[in-house]
Amino acid sequence: MSDQHAEVISIAEQRAARDARRTEVGDAARPRCDAATTQDRRCRNYAVVGDRCRVHAPPSDPGESGPGDDPVGPAPGAEGVVAPSDDGRPVRSDDERHAPAGGGDRPGAASGDRSGASSGDRSGAASEDREFAWAEQELADRGFGRAIDGLALLRRFADDHLVDRLRTATEVARRRLAGDYTIDEFGFDEDLTTSIMMPLLRPLHRSYWRVASHGAEHVPASGAGLVVANHAGTLPVDALITRLDLFDATGRHARELGADLVFRTPVVGPLARKTGATLASGDDADRLLEAGELVAVWPEGYKGLGKPWRDRYKLQRFGRGGFVATALRAQAPIVPTAIVGSEEIYPLLFDLRAVARLFGLPYFPVVAQALALPVLGPFALLPLPSRWIIEYGEPIHTAEYPVSTADDPMAVFDLTDRVRDRIQSMVHRNLMGRRSVFL
Amino acid sequence: MADGRRILITGIAGQLQALVVRALEQRGDVERLVGVDVREPPQPLASTRFVRADLRNPVIGHVLDEERIDTVLHLSTTTAPGASGGRARMKEHNVIGAMQLFAACQRAPTLRRIVLKSTTAVYGSEHTDPVSFREDTAPRTPPGQGFGKDAIEVETYLRAVDRQRDDLEVTILRFANLLGAQVDSTFLSLFSLPAVPMVLGFDPRLQFCHEHDAAEILARTATASHPGVFNVAGDGVLYLSQCIRLAGRVPAPIPAPLVSAAARSARRTRRVDIPADQLRFLRYGRVVDLERMHQQLGFHPTYSTRAAFEDFVTRRRLRGRVGPTVQRVVADATGR
């Protein structure tokens, strides 16, 4: 029923509904009383008994309300908010959020029943009693968790996602603090990635860079696959965003192949490992594809990341084509992917080679934002909010080639060039299609 | 020889070795057990003959002949320089001792099998490492010092013997970090500190092998034919940070440039002995491939890496107070 009615509830309506409930009058949408007042105006009370309000009703029969018909659904305490599942883990908030909207959360909602006008009052009260009973039971069962249970109670009456979020957050915090999570041999910590890192990145993806993603259906839904994309933007932000985009579109974790500098760097290295990246070497890539994982690779590497502004959207050399040989060995489809917009986040004006050499870095960028440093201070160094397009192209099926092709350098170079050309043309097409860099 | 194996165990006074002896004594297919060490074993030996000797002593050769030994279990490679009286003496003991032992083995006519307890430290530990080492993966950067280097040299000598004698079966077991109630380890000294030291900004991936699993596999390879090199560890991988949380302890991150100085000063207090070669390991960790162990050896450890670690924490009473308190509060809050 709630699907058909919009669930926009004004405060006044809610208040009316609550008042109505207090006076044992059912729903806001229910017919009004038929009687006339002493001033000959229509009575504005709701109809309770037949078509009369309580004031104008003839003396009523107390046993009128039907016993079974409960318009607000089963008492939610049964499988409710905080009930831990069998394995002891509290029910995840997602499940709760998708619980039937017509449930006990909103006894006075506009979506209530019009037909059961006369019977709604009493069972509404019964349900409320049941809720209080549930609340007391819960309070009696728990020792310490009262504060949070109080919030659960609040959610029951206020219908707020806040409590959901809080509950999820505490559960995540518990798992993290207790070390109660598993990692795979690559060091991929799925719990950390999906419950902490990705929620942090999602606002960037949705709101800051407003990523439009096309063609996710080309990414294999299961089994090995190799996503190959262009690399740009001075900092490898495009890898993080593409990764999140792929996860949201397909539900698969793309395992990135990173440069060894990443894994040598404190903080960044372990974090990259924990979010599923591994060293861009034949061994690791073979192992991932053998295990049927989706692998993402940015074969331009530093040459793509640290290319000057005038070379934007010009794809650089694709390494030595190691990724193609890997895909050929594993017979995994290659998904060429174009990322547009990442070039503009940090326009690289100069590359200070000498400084880079001093610190052992592949390049030392001076980005356009640096000019605004005196004015804006550190805020100047935020990436620019360009609008992004990510397009996953038609896969190139390496299964068409014999496995021995991987050992034929000429064939590998050819295929590498094909992938590169495909991505370059996809980049151009998307560049032509966009209105402006930022809008 | 038809009745059962006649086994010589080196370094019998050690804690792991005691477990191996017990496992072997319980087996029916072992006819004779001879233990060699410079120290008296702390626990009484039931049916095992003890020979007090250094491996560099020629008496080893006589024992091999006299007892008609057919299997040598070489377990006496030590890992900690502190306990063996300095790095130079440790090297002397590990490398020269093994060299002399294998030289005697090469001449022993009755000998059919040598089992060597080695370590996964032979793969080194670097950021360029493959994610998981197979037995035939060449280390990207072989360890330049310490125990790992010793282990590589010992393995090389053993291979030389293997090449000289065709009738000899050689088994090399490369163990990940051993944990348990008996054996001492770097992790014991790390976790016995009030806060567990880490290298700031690094989090090594670790694999552990429980001492009972280690004793079991050593006893098994000593009594049956499994030639080859095998990695041995529990299934699964843990981060050091995760270990600290599982133990309910607090990490003490030390900035990378200060780590070796901190380790040196800690060594001087004689409470914590973290060899210099282990510091690299505390940055990048190491994971080895266990496929060969499962497939060819048919050995499935009872303890996973995590179970081994939790057992170790429980038995050694290393569980911290901070963790359980935080966990209890959060658990109460989430209604668990």
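Fair warning: this is a prediction, and the values are worked out from it, not measured in the lab. In the text below, chain A, chain B and the rest are named by the order of the sequence lines, each starting its count at 1.
Contacts between B:Asp235 and chain A at a heavy-atom distance below 4.5 Å are absent for every atom of the residue. A:Asp283 touches chain B through its side chain: at least one heavy atom from C-beta onward sits under 4.5 Å away, while N, CA, C and O do not. With a threshold of 4.5 angstrom between heavy atoms, B:Ile244 does not approach chain A through any atom at all. A:Ile183 touches chain B through backbone and side chain together, each having a heavy atom under 4.5 Å away. Heavy-atom distances place the side chain of A:Arg287, and not its backbone, under 4.5 Å from chain B.
With hydrogens and angles disregarded, a donor-acceptor distance shorter than 3.5 Å links the side chain of B:Glu211 to the backbone of B:Gln182.
Counting only N and O atoms by type, the side chains of B:His127 and B:Arg283 include no donor and acceptor under 3.5 Å apart. Between the side chains of B:Arg245 and B:Tyr239, no donor-acceptor pair is found at a separation under 3.5 Å. Side-chain atoms of B:Asn231 and B:Tyr123 form a donor-acceptor pair, as typed in the model, at a separation below 3.5 Å. No hydrogens or angles considered: nothing links the side chains of B:Ser185 and B:Asn177 as a donor-acceptor pair under 3.5 Å.
Heavy-atom pairs under 4.5 Å with chain B peak, among A:Gly282, A:Gly187, A:Ser281, at A:Gly187. Among the candidates A:Thr278, A:Val267, A:Asp284, A:Asp184, the residue making the largest number of heavy-atom pairs closer than 4.5 Å to chain B is A:Asp284. Your options are B:Ala256, B:Cys243, B:Pro130, and the one with the most heavy-atom pairs under 4.5 Å with chain A is B:Pro130.
In this view, B:Arg280 and B:Glu126 satisfy the side-chain hydrogen bond (donor to acceptor under 3.5 Å, both in side chains) rule, not counting sequence neighbours.
By the 30° and 60° cut-offs, the orientation of the rings of A:His253 relative to A:Phe188 is perpendicular.
Between B:Phe208 and B:Phe187, the ring center distance clears the sub-6.0 Å criterion.
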From CA spacing to verdict: salt bridge (charged side-chain N to carboxylate O under 4.0 Å, His left out), B:Asp129, B:Arg286: CA-CA 8 Å; B:Asp129 281 346; B:Arg286 181 189 313 120; 5.8 Å; no
Are B:Thr128 and A:Asp260 close enough, and set up right, to give a side chain to side chain donor-acceptor pair (under 3.5 Å), and what steps lead you there? CA-CA 6 Å; B:Thr128 48; A:Asp260 62 345; over 6 Å; no
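Using a 4.5 Å cut-off between non-hydrogen atoms, the part of residues 289-310 of chain B that approaches chain A consists of B:Asp289, B:Arg306.
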